[in-house]
K.L.:
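The structure under discussion is supplied below as structure tokens; questions concerning it will follow.
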Amino acid sequence: MNDFGLDIWSNKNFIIENDEVKLNYKSMPSILELVQEIRSNDVRGPMLLRFPHLIKKQISSLYSYFDKAIKINNYRGSFNAVFPLKVNQFPHAIEAITEQGGRFNYGLEAGSKAELILAMSKTPLGAYITVNGFKDKEMITLGFIAAQSGHNITLTIEGLGELETIIEVAQECNLKVPDIGIRVRLHSAGSGIWAKSGGMDAKFGLTSTEIIEAIKLLNEADLLKHLSMVHFHLGSQMSDIAPLKKALREAGNIYAELRKMGADSLDNINIGGGLAVEYDQHTKSKARNYSIDEFTSSVVFSLGQVMDAKNVKHPNIFTESGRFIVASHAVLVTPVLELFTHDYQKKLLNFKPVNPPLLDELIELNNLLSNQNCIEYLHDALDHMESLLTLFDLGYIDLQDRSNAEILVHNIIKRALYLKSADPTDELEQLQVKLQERYLINASIFQSLPDYWGLNQHFPVMPLHYLNTTPLRAASLWDITCDSDGEIGFDPDKPLYLHDIDLDEEDYFLGFFNVGAYQETLGMNHNLFTHPSEYTIEIDEDGHKITNEVESKNILEILESLGYSKDDILDKLKGDLIKSDFISKQEKNDTLAKLETFVNQNGYLRTTN
Ligand SMILES: *Cc1c(COP(=O)(O)O)cnc(C)c1O
């Protein structure tokens with residue numbers, strides 16, 4: 001049985017039972033069961049399932065590992081965290097985050113004006129708000145308004161200009177001054193493909209000269225008492241822990257120096273995000289070389305060590321991990337619409353009472369193929385195929401014989417590939433790339449998995465059912481956009497095998513996992529496909545509840561969101577049809593009604609799947 005790397009990426013959130021993937025939680029519903037329940041209400045196309053219990057699990061895990069490390073290391077600061085809104089801004093994700101984070105005083109991080117407004121409306125008073133990213137005077141004024149309204153808000157300055165604006169606003173109004181943080185530019189850079197946020201050439205942060213200048217400015221404006229935080233962020237999905245340890249020592253020393261320079265209110269270090277998520281389905285390449293346990297103890301130990309050496313008060317620790325908190329909570333389910341090389345099905349074999357001798361030999365090879373003989377038999381089969389094609393060209397065998405031979409040889413190659421999949425020869429790898437099956441999925445990769453398209457980020461994918469059957473087809477996945485980039489090709493280094501399903505008889509659903517971070521907000525309306533329909537699934541001991549349905553936008557709505565007039569479009573289409581000739585009034589009316597229905601549905605395909 002193939003578990004699709006479940007033990008590598010799923011963190012025990014999902015298990016396989018009775019040949020289906022199930023939630024490993026309380027009443028343990030199978031995902032297929034949830035999908036069928038939703039589809040019984042005539043929902044078609046891809047759907048996004050949210051599991052709030054997995055957000056809760058991640059938040060609890062983050063806090064409890066830090067608490068543990070703080071105890072073990074006798075660390076004297078506290079641990080606090082905020083969720084960065086850029087990672088997922090959708091209401092039902094944010095609702096789950098604020099609800100599950102309530103008991104920890106978990107807050108939100110904002111990187112733009114719109115996110116700040118969202119944070120101000122969704123963060124419970126008392127929980128932290130941190131604000132990063134470039135800010136203008138308006139955004140800074142919003143920070144003052146938040147502080148005045150009772151929020152525990154820290155504006156992190158990305159440059160001296162922002163500090164000057166903060167001082168200006170403080171002098172111009174009587175609103176409460178927010179806490180001020182300084183993003184520091186570290187010479188130690190991060191690791192991983194997003195590691196552009198740290199390092200000397202980073203887009204963000206103050207150099208040491210600028211930090212000294214900032215302290216001088218704050219002192220002159222009598223605002224030094226508001227300086228509360230040193231901040232850095234090394235970039236998302238850190239693969240290696242070594243650069244983080246370096247960064248902690250560097251930022252820790254900056255913090256200690258600033259306290260010695262008289263920044264008495266400075267008592268927080270914010271280490272940003274970057275805690276990585278395992279997306280890999282194959283043991284070969286792990287996304288990160290550390291566990292959450294190692295991560296938290298490294299952070300706490302390193303900071304404690306720096307402070308003790310300089311005899312400085314231990315800072316409170318802040319994190320802004322986003323990916324780690326939400327990636328696992330969402331699963332994208334897509335129906336498979338079509339398999340493209342279905343002509344090689346065994347059921348299409350049609351032997352004669354007497355077959356050509358070479359064909360009989362192929363039948364024999366196919367029957368006796370085993371792990372030991374498969375390379376030899378494969379060579380024999382390819383050789384026979386060559387001869388049979390020559391016989392066909394010369395008119396000695398007919399089309400049915402040739403078709404039988406093709407199906408058999410195809411099957412032999414497929415099985416040999418599978419038998420040797422752990423250790424394929426060059427020859428097999430070449431065959432594999434030629435023979436992949438294309439699975440057409442009712443979804444848009446641009447809309448639902450933009451990091452696959454833009455950053456080549458792999459996501460774990462597996463069928464939701466048939467898991468007692470060994471999948472034999474080397475699979476490439478094609479979406480229904482007409483863009484040739486809408487394809488997840490077969491990769492011999494990270495092979496995906498799927499089942500041979502007769503889609504006229506049965507449904508086949510694929511799940512893409514760990515898609516809860518970044519994918520939703522990055523998605524775009526490529527080919528005018530929309531965000532998939534989404535559902536929140538709450539699971540308890542007795543069963544589950546499907547709530548918060550958000551139907552995928554319909555065709556008219558998406559055109560309207562681009563700035564077109566919905567009415568103009570519909571009037572034009574209807575007008576043209578009404579003016580047309582040659583059909584009866586009855587058929588015209590029926591067709592008008594049909595047209596109206598079509599434009600009020602989402603644009604995903606509505607074949608049986
Ligand atoms: C993007 C970002 C984060 C979140 O990073 P993750 O890798 O999702 O944890 C945190 N802080 C800042 C400043 C960011 O820009």
Side-chain angles (χ1 to χ4, degrees), residues 55 58-59 61-63 65-66 80-90 93-94 97 101 106-112 114-116 118-119 128-135 139 153-159 162 181-186 189-199 202-206 229-241 243-244 247-248 251 268-279 287-288 290 292 295-296 299 317-330 450-451 454-455 457 459 514-522:
I55 290 181
Q58 293 305 94
I59 296 176
S61 154
L62 187 68
Y63 278 87
Y65 275 105
F66 266 108
N80 310 275
V82 290
F83 176 77
L85 283 167
K86 76 162 187 277
V87 184
N88 195 323
Q89 300 137 339
F90 278 71
I94 294 304
I97 288 162
Y106 190 46
L108 295 170
E109 183 264 3
S112 66
E115 286 182 1
L116 179 53
L118 188 56
Y128 288 97
I129 298 177
T130 61
V131 186
N132 301 311
F134 297 115
K135 303 167 213 53
M139 189 161 167
I153 181 169
T154 306
L155 298 181
T156 303
I157 55 166
E158 309 278 0
E162 286 180 8
I182 294 183
R183 182 153 178 173
V184 294
R185 184 173 298 219
L186 304 176
S191 67
I193 42 175
W194 286 272
K196 286 181 198 130
S197 304
K203 185 170 157 197
F204 298 109
L206 279 70
M229 184 180 278
V230 162
H231 175 264
F232 68 89
H233 170 64
L234 292 183
S236 206
Q237 189 72 352
M238 286 187 297
S239 52
D240 183 2
I241 196 153
L244 175 68
L248 286 163
N268 304 309
I269 286 195
N270 184 337
I271 66 167
L275 189 46
V277 162
E278 191 55 74
Y279 292 105
R288 61 180 201 204
Y290 55 90
I292 169 88
F295 174 84
T296 51
V299 171
I317 299 167
F318 278 72
T319 69
E320 298 173 335
S321 276
R323 187 186 296 276
F324 175 81
I325 299 294
V326 290
S328 62
H329 94 284
D451 276 353
L455 294 162
Q457 170 69 59
F459 293 92
N514 288 345
V515 299
Y518 296 101
Q519 301 322 295
E520 295 180 48
T521 27
L522 287 180

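Heavy atoms only: backbone and side chains are in, while hydrogens, waters and symmetry mates are out. What you see is a predicted model; the values in this text were computed from it and never measured. Ligands are counted one by one from 1 in listed order, and the atoms in each one are counted from 1 as well.
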K.L.:
Near S236, which atoms of ligand 1 are under 4.0 Å from a heavy atom of that residue?
P.N.:
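The atoms of ligand 1 under 4.0 Å from a heavy atom of S236 are 6 (P), 7 (O), 8 (O).
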K.L.:
Is there any N or O on H231 that sits under 3.5 Å from an N or O of ligand 1?
P.N.:
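No; the residue has no nitrogen or oxygen that sits under 3.5 Å from a nitrogen or oxygen of the ligand.
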K.L.:
For N514, give me all partners under side-chain hydrogen bond (donor to acceptor under 3.5 Å, both in side chains), at least two apart in sequence or on another chain.
P.N.:
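N514 satisfies side-chain hydrogen bond (donor to acceptor under 3.5 Å, both in side chains) with no residue once adjacent residues are dropped.
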K.L.:
Looking just at side-chain N and O atoms, do Q58 and S328 make a donor-acceptor pair shorter than 3.5 Å?
P.N.:
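There is no such pair between these side chains.
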K.L.:
Pairs of nitrogen or oxygen atoms closer than 3.5 Å, one from V87 and one from ligand 1: do any exist?
P.N.:
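No, since none of the N or O atoms of V87 sits under 3.5 Å from an N or O of ligand 1.
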K.L.:
Begin with the C-alpha distance, continue with both residues' side-chain angles, and end with the deciding distance and a verdict on side-chain hydrogen bond (donor to acceptor under 3.5 Å, both in side chains) for N132 and E158.
P.N.:
CA-CA 7 Å; N132 301 311; E158 309 278 0; 5.8 Å; no
K.L.:
How would you list, by chain and number, every residue that makes a ring-ring contact (aromatic ring centres under 6.0 Å, His included) with Y65, sequence neighbours excluded?
P.N.:
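Applying ring-ring contact (aromatic ring centres under 6.0 Å, His included) to Y65 gives none.
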K.L.:
Looking only at N/O atoms, are N132 and ligand 1 under 3.5 Å apart anywhere?
P.N.:
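Not met; the criterion fails.
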K.L.:
Ignoring hydrogens and angles, tell me if any N or O in the side chain of E109 forms a donor-acceptor pair with the backbone of V82 under 3.5 Å.
P.N.:
no
K.L.:
For S321, state whether at least one heavy atom is located under 4.0 Å from any atom of ligand 1.
P.N.:
yes
K.L.:
Can you check whether G274 has an N/O within less than 3.5 Å of an N/O in ligand 1?
P.N.:
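Between G274 and ligand 1 (N or O atoms, distance only) the closest approach is under 3.5 Å.
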K.L.:
Give the atoms of ligand 1, by number and element, whose distance to some non-hydrogen atom of R323 is under 4.0 Å.
P.N.:
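Checking each atom against R323, I get 6 (P), 8 (O), 9 (O).
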K.L.:
I need the atoms of ligand 1 closer than 4.0 Å to a non-hydrogen atom of G273, numbered in the order shown.
P.N.:
5 (O), 9 (O), 10 (C), 11 (N)
K.L.:
Against heavy atoms of K86, which atoms of ligand 1 measure under 4.0 Å?
P.N.:
1 (C), 2 (C), 3 (C), 14 (C), 15 (O)
K.L.:
Do F295 and L244 come close enough that some side-chain heavy atom pair is under 4.5 Å?
P.N.:
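With C-beta onward as the side chain, the pair touches.
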K.L.:
Return the minimal non-hydrogen interatomic distance between L186 and A247, and the atom names on each side.
P.N.:
CD1-CB, 3.6 Å
K.L.:
Going by the atom numbers of ligand 1, which of them fall below 4.0 Å from some non-hydrogen atom of E320?
P.N.:
3 (C), 4 (C), 9 (O), 10 (C), 11 (N), 12 (C), 13 (C)
K.L.:
Hey, does Y518 come in under 3.5 Å of ligand 1, counting only N/O atoms on both sides?
P.N.:
yes
K.L.:
Pull out every atom of ligand 1 sitting under 4.0 Å from any heavy atom of G322, numbered as shown with elements.
P.N.:
6 (P), 8 (O), 9 (O)
K.L.:
Quick check: R183 and ligand 1, any N/O pair under 3.5 Å apart?
P.N.:
no
K.L.:
Would you indicate whether the side-chain heavy atoms of F318 and H231 approach each other to under 4.5 Å?
P.N.:
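No, too far: nothing below the 4.5 Å cut-off.
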K.L.:
Quick one: pull up CG in N270 and OH in Y128 and give me the separation to the nearest 0.5 Å.
P.N.:
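Result: 11.5 Å between the selected atoms.
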